Amino acid sequence: MNDPGISAAEEGSIERRDILKLVGGSALAVALAGCTELVGDDDDATTTSDNGDIPDEPIEAGLQTFREGAPAVLGLQAEYGAETAVRRINANGGVAGRQIELDIVEEGTEQLENYQQFVEEGKEVTFGPISSGGHEAMVPEIDDQGVVNVATDGTVTTLYEEDYPDTTYSFRFQNHDVMEALSAAIEAVEILGADNIETYAGVNPNYAFGEDEMAIFRAGIEQLTDAEEVYNGTPDLGAPDMSTHVTNINSEEPDVVFTSCWGGDATLLLSQGQANNMLDNTELVVGPVLYGSANDYEEGDLEGPIYSGSRNFYWDQPSTDQWSPAADLFDEVQDEYGVIPTAHFMSGYGAVTAWATAADKAVRLLGRWPEQEEIAMILEEHGFYTPAGYHVMSTDHQGYSNAHFGEIVWSDEVGGAVLEDVNVYAPEEVSPPPGMTSLDWIGSW
């Protein structure tokens with residue numbers, strides 16, 4: 001990691017000149033950072049070429065995300081985020097004058113085939129997927145095809161640490177699993193105290209993401225406490241019933257329940273847990289991605305000590321009185337889509353922003369439209385803003401930014417789930433230094 005995230009207090013004090021300096025003076029980059037008052041400022045107009053080295057045709061882009069079934073709770077958020085970023089780019093004159101046309105397809109189980117289809121159709125950049133397993137399957141093909149893909153999620157930690165440490169064209173915007181699973185372990189200790197955590201249990205999706213999250217939480221909580229694991233449930237993605245896991249938790253009465261269930265699975269676990277008094281039989285539930293289902297919960301799902309992460313974005317942290325881009329984005333999304341934007345909204349918004357600001361930077365450096373390899377080179381060590389704050393795409397192709405964790409409660413004012421008492425974790429607090437794997441790093445504590 002070359003440039004760690006900045007604190008919430010620092011984010012709140014950033015002014016126009018600071019953003020212009022950090023993003024290189026591009027009006028496009030500033031507009032995507034959420035400073036809409038700069039859009040249309042002639043002094044900051046997006047650079048365009050007069051020598052014909054910039055193609056006239058629109059940029060053809062593809063996004064794959066979950067639009068159907070239980071995973072759509074997160075997937076549609078990513079879709080709305082990508083659409084919003086594209087809308088802001090095009091309203092600001094495009095990337096070096098080129099508008100973006102975004103083609104969106106259902107991710108399903110066809111992540112590799114979707115990417116191949118996008119390439120056959122001549123897409124200049126692709127975004128997605130959500131799925132960690134699908135993302136792993138895509139990386140070799142991305143490097144063979146040589147068309148840059150910025151994954152919205154697909155956050156399994158081992159992907160760039162161990163499996164594909166030397167990829168050229170594959171990147172990931174979202175914070176990876178170690179950052180949110182460790183935030184959950186640290187948050188549990190902060191709330192209950194290390195001496196009061198003697199047992200813990202897990203309920204996590206039965207595929208690469210869930211296995212990765214549980215392995216990191218297990219390593220972290222056992223380093224921070226003397227806790228013993230008493231149950232590990234692994235429901236399939238989209239499982240129709242969580243009652244077996246609720247029954248086992250009620251039987252074991254662990255001090256902490258960790259769950260990386262997401263989308264409709266998270267809603268079902270909490271709903272069945274509430275119906276069977278699970279929150280009476282544990283001291284705390286911590287879930288790195290529970291807030292991703294903010295628009296799917298009923299008020300009764302959230303009663304009890306439930307704490308959630310929000311990956312790299314929560315619209316009221318820092319306070320929107322201090323950080324107006326987040327407030328503006330919240331209002332825009334409410335007006336356009338009628339939903340609360342979650343971190344998975346930022347998955348789509350940030351993936352598009354990472355590529356667009358890197359391409360814009362490449363044009364300003366080269367004076368012409370860049371080749372795929374040149375955009376890939378610019379993306380390494382590329383820093384940029386979104387309304388979530390500052391992000392860095394490191395040389396390992398992994399995105400880094402602050403992670404958030406807080407109590408998830410119902411808000412009558414918002415009409416949905418919100419987070420309270422939010423703690424912000426900088427990347428260096430919850431991810432290993434360069435050259436170390438996450439589990440080796442945790443083991444060295």
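In this text, all values refer to a predicted model and were calculated from it rather than measured experimentally.
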Using side-chain heavy atoms (C-beta onward) and a distance below 4.5 Å, is N175 in contact with T155? no

Please name all residues satisfying salt bridge (charged side-chain N to carboxylate O under 4.0 Å, His left out) with E107, sequence neighbours left out, ordered by chain then number. none

Is there side-chain contact between V418 and V409, with heavy atoms separated by less than 4.5 Å? yes

Kindly say whether D331 contributes a backbone atom to a donor-acceptor pair with the side chain of W315 at under 3.5 angstrom? no

Heavy-atom neighbours of D241 CG exceed 12 at 6.0 Å: yes

Donor-acceptor contact below 3.5 Å, side chain T247 vs main chain S243: yes

Atom of G128, atom of N149 and distance for their closest heavy-atom approach: O-ND2, 2.8 Å

Taking the six-membered ring for Trp, is the centroid-to-centroid distance between H344 and F313 below 6.0 Å? no

Test item: S131 and F209 side chains (from C-beta on) under 4.5 Å apart, heavy atoms: no

In short, L63 meets A78 closest at the heavy-atom pair CD2-O, 4.4 Å

I'd like to check V105 versus F118 (side-chain heavy atoms, cut-off strictly below 4.5 Å). Are they in contact? yes

Please enumerate all residues that pass side-chain contact (heavy atoms from CB on, under 4.5 Å) together with D143, with sequence neighbours excluded. V139, T167, T168, Y169

Looking at E381 and I378, would you say the former's side chain and the latter's main chain have a donor-acceptor pair under 3.5 Å? no

Closest approach of F258 and A184, non-hydrogen atoms and distance? CE1-CB, 3.8 Å

To the nearest 0.5 angstrom, please state how far the CD atom of E336 sits from the CG atom of L329. 11.5 Å

Throw together a table of side-chain donor-acceptor distances under 3.5 angstrom for residues 298-307, partners on residues two or more places apart or in other chains.
from	atom 1	to	atom 2	distance (Å)
D301	OD2	E298	N	2.9

Can you tell me if CD on Q223 sees more than 12 non-hydrogen neighbours from other groups inside 6.0 Å? yes

Tell me yes or no: between the side chains of S431 and H176, is some donor less than 3.5 Å from an acceptor? no

Step through it carefully: locate the ring centre of Y291, locate the ring centre of Y314, and say whether they are under 6.0 Å apart. yes

Is Y297 reaching over with its side chain to a backbone N or O of W410, donor-acceptor style, under 3.5 angstrom? no

List the residues meeting side-chain hydrogen bond (donor to acceptor under 3.5 Å, both in side chains) with D440, not counting sequence neighbours, and say none if there are none. T437

May I ask you to check whether over 12 heavy atoms, not counting those of Q334, lie within 6.0 Å of atom CD? yes

Any donor and acceptor pair, going by atom type alone, linking the side chain of Q372 with main-chain N or O of V148 inside 3.5 Å? yes

May I ask you to decide if T157's main-chain N or O and D212's side chain share a donor-acceptor pair within less than 3.5 Å? yes

Contacts of S271 that satisfy side-chain hydrogen bond (donor to acceptor under 3.5 Å, both in side chains) - sequence neighbours left out: none

Expected output: side-chain D360 to main-chain A356 donor-acceptor under 3.5 Å: no

Residue of the set F384, Y400, F171 for which ring pair (Phe, Tyr, Trp, His ring centres under 6.0 Å) holds with H391: F384

For V286 and A188 the tightest heavy-atom approach is CG1-CB, 4.5 Å

One should read off an interatomic distance between N312 CG and T386 OG1, to the nearest 0.5 angstrom, of 6.5 Å

Say whether, by atom type as modelled, one donor and one acceptor occur between the side chain of S183 and the main chain of M179 under 3.5 angstrom. yes

Going by heavy atoms in the side chains, are S170 and Y160 under 4.5 Å from each other? yes

Is there a donor-acceptor pair closer than 3.5 Å between any side-chain N or O of Q64 and the backbone N or O of Q111? yes

Under the side-chain hydrogen bond (donor to acceptor under 3.5 Å, both in side chains) test, residues paired with N250 that sit two or more places apart: N281

Donor + acceptor pair across side chains of T357, H382 (<3.5 Å): yes

Does D335 CG have over 12 foreign heavy atoms under 6.0 Å away? yes

Any salt bridge (charged side-chain N to carboxylate O under 4.0 Å, His left out) pairs touching residues 180-191, not counting sequence neighbours? E180-R311

Salt bridge (charged side-chain N to carboxylate O under 4.0 Å, His left out): which pairs involve residues 75-84, sequence neighbours left out? R67-E79

Tell me whether the rings of Y390 and Y385 are parallel (<30°), tilted (30 to 60°) or perpendicular (>60°). tilted

Under a 4.5 Å cut-off applied to non-hydrogen side-chain atoms, are L182 and W441 in contact? yes

Checking the side chain of N92 only, and the main-chain atoms of R88 only, is there a donor and an acceptor separated by less than 3.5 Å? no

Measure the CD-OG1 distance between E106 and T65 for me, rounded to the nearest 0.5 Å. 8.0 Å

Heavy-atom side-chain contact between N206 and E211 under 4.5 Å: yes

What heavy-atom pair brings P318 and W323 nearest, and what distance separates the two atoms? CG-CB, 3.8 Å

Distance (rounded to the nearest 0.5 Å) between I221 CD1 and I216 CD1: 13.5 Å

Rounded to the nearest 0.5 Å, what separation is found between the CG atom of N423 and the CD1 atom of I191? 8.0 Å

By salt bridge (charged side-chain N to carboxylate O under 4.0 Å, His left out) - contacts of E229 (at least two apart): R218

Partners passing ring-ring contact (aromatic ring centres under 6.0 Å, His included) against F345 (at least two apart in sequence or in another chain): none

Could you give the side-chain donor-acceptor pairs of residues 259-269 under 3.5 Å, partners two or more places apart or in another chain?
from	atom 1	to	atom 2	distance (Å)
T259	OG1	V203	O	2.7
T259	OG1	C261	N	3.1
S260	OG	N204	OD1	2.6
W262	NE1	Y207	OH	3.2
D265	OD1	G238	N	3.2
D265	OD2	G238	N	3.0
T267	OG1	D296	OD2	2.8

Find out whether P432 and V178 are in side-chain contact, i.e. whether some heavy atom of one side chain is under 4.5 Å from a heavy atom of the other. yes

Applying side-chain contact (heavy atoms from CB on, under 4.5 Å), can you list everything that pairs with E429, at least two apart in sequence or on another chain? Y425, A426

Side-chain H-bond candidate by donor/acceptor type, T199 with E252, under 3.5 Å: no

Does the plane of the ring in Y200 sit parallel, tilted or perpendicular to the ring in F217? Use 30° and 60° as the thresholds. perpendicular

CD on E228 to CG on D255, rounded to 0.5 Å: 11.0 Å

